[in-house]
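Everything below concerns the one structure shown next.
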Amino acid sequence: MNFRRFAATLVAMALPCIAHAHVGLHTDGALAGFSHPFSGLDHILAMVAVGFWALTLGGKARWIVPLAFVTVMAVGGALGIYGLAFPMVETGIALTVALLGLLVAFEVKVSTSVAATVVGTCALFHGHAHGTELPAMTHAGGYVAGFIAATVILHLTGFCLALLRFGNAQRVAARTAGLAIALAGAVLLAG
């Protein structure tokens, strides 16, 4: 199967999830969860970078790496929701943005298991941040479903951007984008 067609199918399949996430938003927290990853450039950059990097790794990494991120992020979210303290979350998030940007910029090739471990570690910080920001009187299950749906969309965005890489000019653009993400992570660290 053509991978571009597969990516387009995944995007099309995600659209009903977006629409469904808006049902009963005010009572179950899905809108709050869905909007949280979009509320910070740090989350957006990291999640798009995960999708981009996964596609460039190829093979099973195309789905295992994003799945590892989403799974561990949900665990991190639960830890945050239940109040388990996690040291230096914001610093960890900034480091993940920088790291993921560098992985994209330099097209780092590692095994799928190493890539899944790297993004899983990154996801723990992002998930914890999502979980600790659960709004009062919000259903945790809906909130988690919301931020998972948003993350999948951001990963798919990264996939689509990686699909646009043809020839040297696009490779330079991809490296520049990766370096910009890494620089944003460095700025977040400094701030």
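These numbers come from the heavy atoms of this one structure, side chains and all, not from hydrogens, waters or symmetry mates. Every value quoted in this text rests on a predicted model; they were computed, and no experiment measured them.
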For Thr56 and Ala162, which heavy atoms make the closest approach, and how far apart are they? CG2-CB, 4.4 Å

Does the side chain of His126 come within less than 4.5 Å of Phe69's, by heavy atoms? yes

Please determine whether side-chain contact (heavy atoms from CB on, under 4.5 Å) holds for the pair Leu188 and Ile93, giving the CA-CA distance in whole Å, both sets of side-chain angles, and the decisive distance to 0.1 Å. CA-CA 9 Å; Leu188 290 168; Ile93 289 172; 5.6 Å; no

Could you walk me through whether Val108 and Leu102 pass the side-chain contact (heavy atoms from CB on, under 4.5 Å) test, one step at a time? CA-CA 8 Å; Val108 175; Leu102 291 172; over 6 Å; no

Side-chain contact, heavy-atom cut-off 4.5 Å: Leu100 with Leu103? yes

Mind checking the OH-OG1 spacing from Tyr143 to Thr138? Nearest 0.5 Å is all I need. 8.0 Å

Considering non-hydrogen atoms only, spot the tightest contact between Gly131 and Ile81 and give its length. O-CG1, 3.5 Å

Nearest atoms (heavy-atom pairs only) where Pro66 meets Ala61: CD-O, 3.5 Å

Applying the 4.5 Å side-chain criterion to the ILVMFWY set and letting contacts propagate, would Phe147 and Val70 be lumped into a single cluster? yes

Find out whether Val48 and Ile181 are in side-chain contact, i.e. whether some heavy atom of one side chain is under 4.5 Å from a heavy atom of the other. no

NE2 of His36 to CG of Leu134, rounded to nearest 0.5 Å, is 10.0 Å

How long is the straight-line distance from CG of Leu55 back to NE2 of His155, given to the nearest 0.5 Å? 13.0 Å

Can you see which heavy atom on Ala105 is nearest to which on Arg175, and at what distance? O-CG, 2.9 Å

Can you tell me how far apart OG (Ser111) and CD1 (Ile64) are? Round to the nearest 0.5 Å. 10.5 Å

Single-linkage hydrophobic cluster, 4.5 Å side-chain cutoff, Val144 and Ile153 together: yes

Flag side-chain contact, heavy atom, 4.5 Å: Trp53 against Val110: yes

Please determine whether residues Val97 and Met73 belong to a single hydrophobic cluster, defined as Ile, Leu, Val, Met, Phe, Trp and Tyr linked transitively by side-chain heavy-atom distances below 4.5 Å. no

Locate the shortest heavy-atom distance separating Val119 from Ala68; write the atom from each residue and the value. CG2-CB, 4.3 Å

How many angstroms lie between atom NE2 of His130 and atom NE2 of His43, to the nearest 0.5 angstrom? 5.0 Å

Under a 4.5 Å cut-off applied to non-hydrogen side-chain atoms, are Leu95 and Met88 in contact? no

Taking Val89 as the starting point, is it possible to reach Leu84 by hopping between hydrophobic residues whose side chains are less than 4.5 Å apart? yes

Below 4.5 Å, heavy atoms only, C-beta onward: do Leu79 and Leu124 meet side chain to side chain? yes

I'd like to know if Val72 and Met47 are part of one continuous hydrophobic network [Ile/Leu/Val/Met/Phe/Trp/Tyr, side-chain heavy atoms within less than 4.5 Å]. no

Can you tell if the side chain of Cys122 reaches within under 4.5 Å of the side chain of Val50, non-hydrogen atoms only? no

For the residue pair Phe38 and Leu154, establish whether any side-chain heavy-atom pair is separated by less than 4.5 Å. yes

I need the minimum non-hydrogen distance between Gly141 and His139, along with the two atoms involved. N-ND1, 3.1 Å

Taking it one step at a time, do Thr157 and Phe52 satisfy side-chain contact (heavy atoms from CB on, under 4.5 Å)? CA-CA 8 Å; Thr157 301; Phe52 195 103; over 6 Å; no

So, does Thr71 use its side chain to make a donor-acceptor pair with the main chain of Leu67 at under 3.5 Å? yes

